[in-house]
Amino acid sequence: MIYFDNASTTQISGRALKVYNEISKTCFYNSSSLHKGGVLAKTKLEKARQDILNCINGQVGDRLIFCSGATEANNMALFGLTRKNQSILVSVGEHPSVYNTAMSLLQRGNEVDFVKLNSEGTVDIDDFTQKICNKKYDLVSIMLTNNETGAINDIRSLCEIAKRANPQCVFHSDCVQAFCKIDVLVDNLGIDSISLSAHKINGPKGIGALYVKKRVGFNPIVYGGGQENNLRSGTENLPAICAFAEAAIEKCEVLKSNFENAARIRETILRRFDDKGFEYEVNGSKRGSPYVLSISLDGVKGEVLVHKLEMDDIYIGTGSACSSKSSDNRILSAMSKEKGKILGNIRLSFSANNTIDEAEIVAEKIIQYATELRNL
Ligand code: PMP
């Protein structure tokens with residue numbers, strides 16, 4: 001099997017799985033319990049929190065709130081960092097967990113504006129600057145790496161622009177597809193809040209976190225027993241949290257070599273296409289993440305190609321798995337791609353487990369099947 005759908009989810013790593021199993025067996029206690037078992041669980045919970053904060057250069061007093069994944073983290077950010085009547089700016093390129101939450105805030109009565117994308121899939125800086133200068137936004141939410149195209153936004157500059165216009169503005173960034181792939185250092189980016197998910201970095205599914213910088217006001221959206229320092233109630237999923245931390249440590253240690261490996265894989269595929277005179281169009285920028293390769297093939301339906309490849313045990317995606325059921329593609333449309341290019345879109349996404357040999361096999365198969373489909 002060749003798995004090139006790592007932006008939708010990854011296989012749990014051996015190290016993360018070992019930690020998950022060990023904690024499930026030997027430290028199954030509730031971290032809120034007063035007995036020795038509970039204290040041990042609490043110690044492990046706080047160590048995992050600190051390990052992840054270290055990966056993002058979190059400072060003393062910053063908060064990392066564990067939750068069920070980045071969908072919840074993004075909901076917590078948009079609802080928890082704003083109040084009624086506040087104004088919000090998000091990009092049209094956001095993941096549904098930000099975009100649809102912004103829509104829901106709009107229904108709640110918040111003022112919500114959407115900033116455009118340029119043809120490379122990053123935020124249109126002129127539109128962003130114009131909007132920021134025309135209105136005082138209380139919250140801005142712009143993702144770091146786009147899950148469909150790999151386009152990387154210059155969050156540091158966008159944050160500077162936003163804070164220059166309104167120093168009180170809170171800047172949130174969905175960093176799910178960037179974390180452990182490129183540096184996500186909160187102090188360097190200058191932002192107030194980020195969302196993370198474990199299953200994109202070879203950790204377990206159903207666990208994620210919202211980072212919130214110290215002194216940034218945050219209201220919980222999940223109420224109950226007051227876990228996570230009263231910021232997100234519910235018994236902490238300790239095995240998953242510790243496995244998440246293990247996966248993050250593992251990935252951060254080899255971030256640079258993994259990045260180079262992904263870049264080689266991406267280049268190998270594109271070179272093979274070019275050598276064979278195969279026609280394709282890359283969606284996204286050349287300076288984007290090497291972990292994602294989004295291409296459009298004229299005269300081919302992306303979905304058909306996905307199913308042809310699956311017969312050879314090759315797994316790829318079309319756009320994002322979260323929006324693959326909707327026929328319209330919001331991101332590619334925002335990049336002004338024509339309908340044919342949207343229909344002919346496929347997404348290959350890589351992990352450290354992938355090899356150059358796999359890249360060559362997949363490129364050949366894509367050329368073969370796309371040519372067959374074009375000749376039909
Ligand atoms: N944001 C981005 C950019 C994503 O790619 C995803 C996962 N598709 C999410 C948020 C949601 O993460 P989770 O699956 O942990 O809810």
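Each ligand, and each atom within it, is numbered from 1 in the order the structure gives. Heavy atoms only: backbone and side chains are in, while hydrogens, waters and symmetry mates are out. The chain is numbered in sequence order, starting from 1. On a predicted model such as this, the values are computed, not experimentally measured, just so you know.
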Inset, instruction - Say whether K205 and ligand 1 are in contact under the criterion: heavy-atom distance to a ligand atom below 4.0 Å. - result: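 Contact check K205 vs ligand 1: negative.
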Inset, instruction - Please verify whether a non-hydrogen atom of E94 lies at under 4.0 Å from ligand 1. - result: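 It does not, in that no heavy atom of E94 comes within the 4.0 Å cut-off of ligand 1.
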Can you name the atoms of ligand 1, numbered from 1 with element, that are less than 4.0 Å from a heavy atom of [X]?
X    : result
G69  : 15 (O)
Q177 : 3 (C), 4 (C), 5 (O)
M143 : 3 (C)
S97  : 10 (C)
N147 : 3 (C), 5 (O)

Inset, instruction - Evaluate the side-chain proximity of S33 to K42: yes if any heavy-atom separation is below 4.5 Å, no if none is. - result: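 Not touching, per the 4.5 Å side-chain cut-off.
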Inset, instruction - With the side chain counted from C-beta on, respond yes when L144 and I152 share a heavy-atom pair under 4.5 Å apart, and no when they do not. - result: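 Side chain of L144 against side chain of I152, heavy atoms only: contact under 4.5 Å found.
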Inset, instruction - Report the distance from atom CG of N258 to atom CD of E250, rounding to the nearest 0.5 Å. - result: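 Between atom CG of N258 and atom CD of E250 there are 9.0 Å.
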Inset, instruction - Measure the acute angle between the ring planes of Y280 and F273, then classify it against the limits of 30° and 60° as parallel, tilted or perpendicular. - result: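 Y280 vs F273 ring planes: tilted.
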Inset, instruction - For the residue pair H35 and Y29, categorise the inter-ring angle as parallel (less than 30°), tilted (30 to 60°) or perpendicular (more than 60°). - result: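 Ring orientation, 0 to 90° scale: perpendicular.
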Please say whether [X] places an N or O atom under 3.5 Å from an N or O atom belonging to ligand 1.
X    : answer
A7   : no
E72  : no
S8   : no
D174 : yes

Legend entry - Stacked cation flag R49 on F66, 6.0 angstrom / 45 deg: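 Judged by the rule (NZ or CZ under 6.0 Å from the ring centre, within 45° of its axis), R49 is not positioned above F66.
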Legend entry - F4 and Y315 aromatic centres sub-6.0 Å: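 Judged by ring-centre distance (under 6.0 Å), F4 and Y315 do not meet the cut-off.
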